[in-house]
Amino acid sequence: MYSSKILSTFLPKLCKINVGTYVPQRNVQVSIIGAAGEVGANVALLVKQNLKVKKLQLYDDNEKVIGIGYELNHISGGPPVFTYAGDSCLGTAIQLSDLVVMVARIPRKPGNTRYQMIGANAPGVLRLCRAMADKNNHALFAIATNPVNSLLPFATALMFKYGCYNPFKLFGVTNIDSARSRAYAASVLGVSARDLYVPVIGGHSDETTVPLYSNLTPSQFQLDACQGETLTRLVRKAGTEVVNHKDGTESATLAVAWAINEFIEALVDAILGNEVMVHCYTANPHYGTRFFSGPTKIGQDGIIQTSRDLPMSDHENYLLNCSIPVLNQEVIHGEEFVQYIENARRK
Ligand SMILES: NC(=O)c1ccc[n+]([C@@H]2O[C@H](COP(=O)([O-])OP(=O)(O)OC[C@H]3O[C@@H](n4cnc5c(N)ncnc54)[C@H](O)[C@@H]3O)[C@@H](O)[C@H]2O)c1
Ligand SMILES: O=C(O)C[C@H](O)C(=O)O
């Protein structure tokens with residue numbers, strides 16, 4: 001292994017390569033479950049371009065995933081892609097991974113809330129939790145499948161039951177709310193969203209997502225209270241608006257894939273030994289509910305610190321207070337769904 005100093009001294013003379021970011025690293029392996037779907041395939045395309053990932057494993061029940069992997073391997077560079085289709089391959093698709101991301105199952109249709117999707121989507125999460133318990137209980141495990149607010153508690157209860165629950169390594173993927181909050185603020189302020197930071201807390205649904213526009217940074221960018229309230233309404237409704245605009249064909253897939261990839265990039269950096277901050281929904285008792293989303297500090301072994309004591313305006317505090325009972329109900333629904341599924345299977 002060459003040090004970056006040696007490489008940067010010699011390599012530029014030999015060929016035009018920027019080696020400034022060369023980091024000797026362990027082999028990070030990422031698995032995406034549901035990779036033949038609209039979200040999964042787009043996430044896979046982005047992760048294929050992540051030079052820090054050394055192996056990308058794609059799983060889907062649908063054999064279309066084989067073709068997706070075959071095509072992705074035509075992209076120069078990035079991790080080699082391995083594909084797995086069908087139930088019997090699920091264990092192999094995850095067993096040596098450092099990070100497993102669940103984006104499978106059914107997107108909602110116009111008129112549905114995310115909450116209503118639990119019956120359709122919980123069985124897939126259950127199958128993956130069982131596989132994680134059997135084959136890989138050391139990986140960071142992220143669930144993007146909706147309803148995130150209930151499926152993370154559902155997965156927690158299952159992993160606890162299987163004797164392998166690690167609260168530091170289980171995440172709900174909510175980074176799209178952060179991406180949308182930044183994008184809306186940027187369009188009002190006429191700046192790039194990449195230059196803005198807005199903490200977003202609560203859960204992932206029209207009633208529980210609470211962007212804290214009063215904390216917008218850098219501080220030279222300010223929104224007045226009215227702008228903050230308007231953008232908050234837009235952020236909360238954004239997923240539903242995409243579902244409606246796409247006329248029942250699919251829910252958000254592109255910006256969502258971008259946001260999920262931003263989350264994956266952060267977790268890969270964490271796996272490589274860095275401390276990162278990223279928005280996600282995790283076990284967090286600091287706001288009166290067992291699970292809560294917010295900016296979260298993550299390191300190699302998972303969560304270092306969840307969000308707490310974030311300053312907020314009176315209106316944001318009001319929205320948060322309204323969201324807590326809803327979130328608590330969705331958490332309980334997810335936890336109780338374990339029993340419901342088991343009873344249904346026994347019949
Ligand atoms: N958290 C978020 O920010 C966010 C954003 C958008 C979508 N989603 C969720 O992602 C999920 C997928 O959405 P989509 O638009 O990609 O749907 P899609 O219908 O395009 O794809 C779903 C894929 O899942 C596969 N699948 C179904 N059950 C499976 C299982 N048990 N194991 C593996 N694969 C399975 C299907 O074969 C299909 O390829 C939905 O639950 C949706 O609500 C989450
Ligand atoms: O809205 C959905 O159903 C998908 C996703 O949760 C989103 O916010 O776009």
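We count ligands from 1, going down the list as the structure has it; atoms in each ligand are counted the same way. Predicted model, so just to flag it, every value in this text is computed and none were measured. As a basis for the values below, the full set of heavy atoms in this structure was taken, side chains included, without hydrogen atoms, waters or symmetry mates. The first residue in the sequence is number 1, and the count goes up from there.
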For this session: Step through the shown structure and confirm whether more than 12 heavy atoms of other residues, nucleotides or ligands are within 6.0 Å of CD on E63.
Result: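 No.
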Problem set entry | More than 12 heavy atoms from other groups under 6.0 Å of NZ on K55 |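 Counting neighbours around NZ of K55, more than 12 heavy atoms of other residues, nucleotides or ligands fall under 6.0 Å, so yes.
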Taking 4.0 angstrom as the limit and counting only heavy atoms of [X], give me the atoms of ligand 1 inside it, by number and element.
| X | answer |
| --- | --- |
| N121 | 41 (O) |
| I176 | 3 (O) |
| V256 | 5 (C), 6 (C) |
| G124 | 31 (N) |
| Y59 | 32 (N), 33 (C) |
| V173 | 1 (N), 2 (C), 3 (O) |

Exercise. Under 4.5 Å between any side-chain heavy atoms of I298 and I304, yes or no?
Worked result: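 Of all side-chain heavy-atom pairs linking I304 with I298, none is under 4.5 Å.
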For [atom], which protein heavy atom lies nearest, and how many Å away is it?
| atom | result |
| --- | --- |
| atom 44 (C) of ligand 1 | A144 O, 2.9 Å |
| atom 20 (O) of ligand 1 | E38 N, 2.9 Å |
| atom 19 (O) of ligand 1 | P107 CD, 3.5 Å |
| atom 14 (P) of ligand 1 | V39 CG2, 3.8 Å |
| atom 40 (C) of ligand 1 | I106 O, 3.6 Å |
| atom 36 (C) of ligand 1 | D60 OD1, 3.4 Å |
| atom 6 (O) of ligand 2 | H204 NE2, 2.6 Å |
| atom 10 (O) of ligand 1 | V103 O, 3.8 Å |
| atom 21 (O) of ligand 1 | G37 CA, 3.0 Å |
| atom 3 (O) of ligand 2 | R108 NE, 2.5 Å |

Exercise. When you measure from atom 41 (O) of ligand 1 to each heavy atom in V148, D61, N146, which option holds the nearest one?
Worked result: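 Nearest option to atom 41 (O) of ligand 1, by heavy atoms: N146.
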Exercise. Which residue from G34, A252, A104 reaches closest to atom 35 (C) of ligand 1 through any of its heavy atoms?
Worked result: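 Result: the heavy atom closest to atom 35 (C) of ligand 1 is in A104.
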Would you check if there is a donor-acceptor pair between the side chains of [Y] and [X] at a distance under 3.5 Å?
| X | Y | result |
| --- | --- | --- |
| T208 | S205 | yes |
| N121 | T145 | no |
| T232 | R236 | no |
| D206 | T240 | yes |
| K246 | T253 | yes |
| D98 | Q29 | no |

For this session: Would you check whether R105 reaches within less than 4.0 Å of ligand 1, judged by its heavy atoms?
Result: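 Heavy atoms of R105 do come under 4.0 Å of ligand 1.
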Exercise. Hey, does R127 sit under 4.0 Å from ligand 1 if you only count heavy atoms?
Worked result: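 It does; at least one heavy atom falls under 4.0 Å.
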Problem set entry | Those atoms of ligand 2 less than 4.0 Å from some heavy atom in A252 |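 Counting atoms of ligand 2 from 1, those under 4.0 Å from A252 are 9 (O).
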For this session: Would you mind listing which atoms of ligand 2 come within a distance below 4.0 Å of any non-hydrogen atom of G239?
Result: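 In order of number, 1 (O), 7 (C), 8 (O), 9 (O).
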Problem set entry | Criterion side-chain contact (heavy atoms from CB on, under 4.5 Å) against L58, the qualifying member of V47, I33, V65 |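 Single side-chain contact (heavy atoms from CB on, under 4.5 Å) partner of L58 among V47, I33, V65: V65.
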For this session: Could you tell me which non-hydrogen atom of M277 sits nearest to which non-hydrogen atom of P295, and how far apart they are?
Result: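 In terms of heavy atoms, the two residues are closest at CE-CB, 3.8 Å.
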For this session: May I ask whether R180 places a heavy atom under 4.0 Å from ligand 2?
Result: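 Yes, that is the case, since the closest heavy atom of the residue is under 4.0 Å from the ligand.
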Exercise. Out of curiosity, is N146 lining ligand 2, as in a heavy atom under 4.0 Å away?
Worked result: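 Distance cut 4.0 Å: N146 passes for ligand 2.
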For this session: Fit a plane to each ring of Y70 and H74, take the angle between them on a 0 to 90° scale, and name the class: parallel (under 30°), tilted (30 to 60°) or perpendicular (over 60°).
Result: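 Judged by the thresholds at 30° and 60°, the geometry between Y70 and H74 is perpendicular.
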Problem set entry | Within 45° cone and under 6.0 Å: R130 NZ/CZ vs Y162 ring |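 That pair qualifies as a cation-pi contact.
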Exercise. How far does OG of S307 sit from OH of Y287, to the nearest 0.5 angstrom?
Worked result: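 Answer rounded to 0.5 Å: 5.0 Å.
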